[in-house]
A.B. asks: 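If you scroll down you'll find the structure; I have some questions about it.
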Amino acid sequence: MTFSQQLITWYRNNKRDLPCRRTKDPYFIWLSEIIMQQTRIEQGTPYYERFVDAYPTVKHLASADEQEVLKLWQGLGYYSRARNLHGTAQEIMTGYGGIFPDTHADILRLKGVGDYTAAAIASICFDQPHAVMDGNVMRFLSRLYGIAESIDRPETKKTIRAIAEKNIDHRNPGDFNQAMMEFGATVCTPANPGCLNCLFQRQCIAFKNNTVGRIPARNSKTAVRHRFLHYLVITVTERGTEFICLNKRTGSDIWKNMYDFPCLERTLDKTLLRLPAQEFDELLNSATPEFGEVSNPFIHILTHQKLHARFYRIHYDKKIDLPCLLVPVKDIHNYPVPKLIDRYLSKIFF
DNA sequence: AAGCCGGGGCG
DNA sequence: CGCCCAGGCTT
């Protein structure tokens, strides 16, 4: 039995039953692969099912509003994936006549689709022998071949890709790719891998050398940046309806096209001191406000940032000129917000 | 080549 | 706490 035959046999006997494995429709495979990028299967699967329900065809997705797509994506993170997903659905409608491209080269041109996703779609949907290179595959193969160089180096990734391409089953490239990933995800895991019962223990260089714990190696991580956010939570009552002031984030910062509140950012405030009210004058075009409740600090961790946020409430009895979007509080659930804001809202308002 | 972009789960 | 996850885009 060749390596790929052993692996595929193992896969057919041990694979998890996932919703996204019940189809070969390129639209659904694309959707699932974008959702699963840098995301654990268990975390992404509920989102996949909600997207399939909401947008059963690429045409449905293309016709949606971006805000609606972001709302459905809310909580999953890396929101550029959702923006690109939506934009690419429209591109498929207008540029490809609604038909998903069927060659690796054309799939790779789609925005939001890189080497990994193009290979996954091409192999699973169209039986094209392109090997996927994701975290699971790189871990499994770097251990199996005892590759100790950092997998962050493109050179190392090329070496591993060559191994995968050499071993890919040309009859079942989709199963081979999924088997590689499934094996990495369930047996050759980052911590406490199942080496003792591993099918490939005899061939595994890292196991032989007792270096499984050090492979794969990665570059040192970049430093975490601390940010201190002072959020103004303005509410206004007008004819018995309560409104809240939202801010749509634009530009190249985190959470693009998501909503939060008007904000003052400080970088030197190591302790997130309470700001005096007049510091907010620049946001308000009006007289210094009187705060209602001022929250304790909220800590929110991103990959390269640690956010320290404080929320300052202000209430007005009538509408004034405000530099933000005034939304009825009861409609907040229509607006995509980052997890930090969602945490605050559910603690204070809901 | 390196930085940036979220959020969650695990040891 | 640190690490990693069915990665890709920007600089």
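By convention in this document, chain letters (A, B, ...) are assigned in the order of the sequence lines, proteins followed by strands, and residues within each chain are numbered from 1. Below, all heavy atoms of this structure are taken into account, side chains as well, without hydrogens, waters or symmetry copies. What you see is a predicted model, and the numbers here were worked out from it, not measured in a lab.
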A.B. asks: Would you classify Arg218(A) as touching base, sugar-phosphate or nothing, given that sugar-phosphate means primed atoms plus P, OP1 and OP2, and contacts are heavy atoms under 4.0 Å?
C.D. replies: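 Answer is sugar-phosphate: Arg218(A) comes under 4.0 Å of backbone atoms only.
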
A.B. asks: Does Lys256(A) reach a base, just sugar-phosphate, or nothing at all? Heavy atoms under 4.0 Å.
C.D. replies: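 Since no nucleic acid heavy atom lies under 4.0 Å of Lys256(A), the category is nothing.
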
A.B. asks: When you match Gly75(A) and Thr222(A) each to their closest nucleotide on DNA chain B, which lands nearer the 5' end?
C.D. replies: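 Of the two residues, Thr222(A) wins.
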
A.B. asks: Considering only side-chain heavy atoms of Asn136(A), which listed nucleotide, dC4(B), dC5(C), dA6(C), is closest?
C.D. replies: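 When the side chain of Asn136(A) is considered, dA6(C) is the closest of dC4(B), dC5(C), dA6(C).
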
A.B. asks: Counting just side-chain N and O atoms, does Arg81(A) come under 4.0 Å of either OP1 or OP2 of dC4(B)?
C.D. replies: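 No, outside the criterion.
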
A.B. asks: Can you confirm whether or not the ring centre of Phe200(A) sits under 6.0 Å from the ring centre of Phe140(A)?
C.D. replies: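 When the ring centroids of Phe200(A) and Phe140(A) are compared, they turn out to be within the sub-6.0 Å range.
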
A.B. asks: Could you tell me the separation between the CD1 atom of Ile301(A) and the C1' atom of dG7(B), rounded to a whole number of Å?
C.D. replies: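 Checked: the CD1 to C1' distance equals 11 Å.
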
A.B. asks: Please tell me if Trp73(A) has a side-chain N or O lying less than 4.0 Å from either OP1 or OP2 of dG7(B).
C.D. replies: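 Looking at the OP1 and OP2 atoms of dG7(B), neither is under 4.0 Å from any side-chain N or O of Trp73(A).
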
A.B. asks: Sub-3.5 Å donor-acceptor pair from the side chain of Asp253(A) to the main-chain atoms of Arg249(A), do we have one?
C.D. replies: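 No: the side chain of Asp253(A) does not pair with the backbone of Arg249(A).
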
A.B. asks: Just checking Ile121(A): base, sugar-phosphate only, or nothing, at a heavy-atom cut-off of under 4.0 Å?
C.D. replies: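 No contact.
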
A.B. asks: Scan Val132(A) against the nucleic acid and name what it touches under 4.0 Å (heavy atoms): base, sugar-phosphate only, or nothing.
C.D. replies: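 Val132(A): no heavy atom of the nucleic acid under 4.0 Å.
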
A.B. asks: NA contact type, Ile254(A), heavy-atom cut-off 4.0 Å: base, sugar-phosphate, or nothing?
C.D. replies: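 It contacts sugar-phosphate atoms only.
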
A.B. asks: Counting N and O atoms only, with roles assigned by atom type, does the side chain of Gln74(A) sit under 3.5 Å from a partner on the main chain of Val337(A), one being a donor and the other an acceptor?
C.D. replies: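 At least one qualifying donor-acceptor pair exists.
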
A.B. asks: Go nucleotide by nucleotide along DNA chain B from the 5' end; which of Gln38(A) and Ser220(A) gets its closest nucleotide reached first?
C.D. replies: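 With Gln38(A) and Ser220(A) compared, the 5'-side residue is Ser220(A).
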
A.B. asks: Which whole number of Å gives the distance between the P atom of dA6(C) and that of dC4(B)?
C.D. replies: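 Roughly 24 Å separates the two P atoms.
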
A.B. asks: What integer number of Å spans the C1' atoms of dC3(C) and dG6(B)?
C.D. replies: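 That atom pair is separated by 15 Å.
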
A.B. asks: Looking only at side-chain atoms of Asn84(A), point me to the closest of dC9(C), dG7(C), dC4(B).
C.D. replies: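 Among the listed nucleotides, the one closest to the side chain of Asn84(A) is dC9(C).
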
A.B. asks: Do the side chain of Glu265(A) and the main chain of Leu229(A) share a donor and acceptor less than 3.5 angstrom apart?
C.D. replies: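 Not confirmed, Glu265(A) side chain does not pair with Leu229(A) backbone.
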
A.B. asks: Lys111(A) side chain: which of dG8(B), dC9(C), dG6(B) is closest?
C.D. replies: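 Selected nucleotide: dC9(C).
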
A.B. asks: Could you tell me the separation between the CG atom of Asp253(A) and the P atom of dC4(B), rounded to a whole number of Å?
C.D. replies: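 It works out to 11 Å between those atoms.
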
A.B. asks: A cation-pi test, strictly: NZ or CZ of Arg50(A) under 6.0 Å from the centre of the six-membered ring of Tyr47(A) and no more than 45 degrees from its axis. Yes or no?
C.D. replies: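 Flagged: Arg50(A) positioned over aromatic ring of Tyr47(A).
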
